[in-house]
Amino acid sequence: MKNLKKQDRKIYNAIQGELKRQQEGMELIASENYVSEAVLEALGSIFTNKYSEGYPGRRYYGGQEYTDVIESLAISRAKKLFRADHINVQPHSGAPANMIVYSALLEPGDKVLGMDLSHGGHLTHGHPVTLPAKIYKFIRYKTGRDGKIDYKELEKVAKKIKPKIILAGFSSYTRQLDYKKFSSIAKKVGAISMIDIAHIAGLIAGRAISNPVPYFDIVTTTTHKTLRGPRGGMIMCRKKFAKAIDKSVFPGFQGGPHMNNIAAKAVMLEEALEPSFKKYARQIIKNAKVLEKELRKYGFKIMFGKTENHMVLVDVFSSKEVAGKEAEVALDKVGITVNKNVIPDDPRSPMDPSGLRIGVPAVTTRGMKEKEIKKIAEWINDAIENRKNNKKLNQIHKEVIKLCKKFPIYKNLK
Ligand code: DSN
């Protein structure tokens, strides 16, 4: 970064600080990951200079011979990976991808049945503070005492309210979804079936969990979580929805696609087709299960019964008598990054909820396995229990940095 260093020292210094934070920190935010240096190079490429409204072979401006190459490659690689009929790789991220789908398929006031936020759903699945919830009518389903979605209740509600879309998917739910049930309930009530796989796309791509694409009419995802690509979104759909989705992306919702980002998505998709990505995806699940087992041993209450994906949600308030926010701050002090999170029907406020969401995709990318995960669980427990003991926190922090240095993320970045 010699040009940046010379021209804009303040930004350069912040990037260097962030690099050190990422290298020396234990990243356990379930939605974060580290892209490869090849993905970074594509993202930082001169494709950022180009406007290319439209789609390969039918753009509005000239000079598209290379943008068409990269977007076509991204599409064909994504199709191979997810076996989808149609894919749009232009959405800027997950929230716009969901909004694009709603506006393609719904009229204002139409009903959507989606998962409740505190039960693991996402803000864009109908939380009242969001724009979609102001335009469409969201009715939200929940999980039962056993941590599973109550599909009988879901069917009953669907029959009663007749939603236009039944939406599956989550951002803090840890169990595998029953794709067949979602799809058959949607068919029974004449709804469009949609799933948001943002969190688990990498596990699906790596065949560590089964592929929902054959069961759903519409699939949205981000590209930067378990999939380990640049920040971005994608929409997959059955042929019959392709035209409506493409029109809703452009000109309906977005302007020029971010071609540097699409180039980086294409690089990530090729990486995800490699056999090593399958190993990565399987290791994520092994690591998450070890984390669950260890945290349980230390007395943490595990939500939803268990984990079947890349993360664990714990009720830290009832387990350790510490609020989510305070636990998050204590862990930050030892270089372990997690996020406070609501638990089902949380009695506490969303700004200071009862839970912590802890995910392993990023540490798994570094090469950490069961042995390191056991140590991480021990540090999480120690840091929370000794949150008022600065000496102990400093000692844990030193050990965290030492382990992170053994698993470097970027060997060539300076
Ligand atoms: N912020 C992402 C997550 O952490 O799940 C999704 O919005």
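Remember, it's 1-based here, ligands and their atoms both numbered in the order they're listed.
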With distance as the sole criterion, is a donor-acceptor pair present between the side chains of D217 and S193 under 3.5 Å?
-> yes
Proximal protein residues to ligand 1, non-hydrogen atoms under 4.0 angstrom = S31, H122, S171, H199, K225, R357
Sequence neighbours left out, what passes side chain to side chain contact (heavy atoms under 4.5 Å, CB included) with L40? Give chain and number order.
-> V35, Y410, L413
How about F182 and Y179: are their ring centres within less than 6.0 Å of each other?
-> no
Identified side-chain contact (heavy atoms from CB on, under 4.5 Å) counterpart of V360 within the set V312, T365, L291, T307 = L291
Just by modelled atom types, is the P350 backbone N or O under 3.5 Å from a matching donor or acceptor in the K340 side chain?
-> no
Given the side-chain rings of F138 and Y102, with only the six-membered ring counted for Trp, is the space between their centroids under 6.0 Å?
-> yes
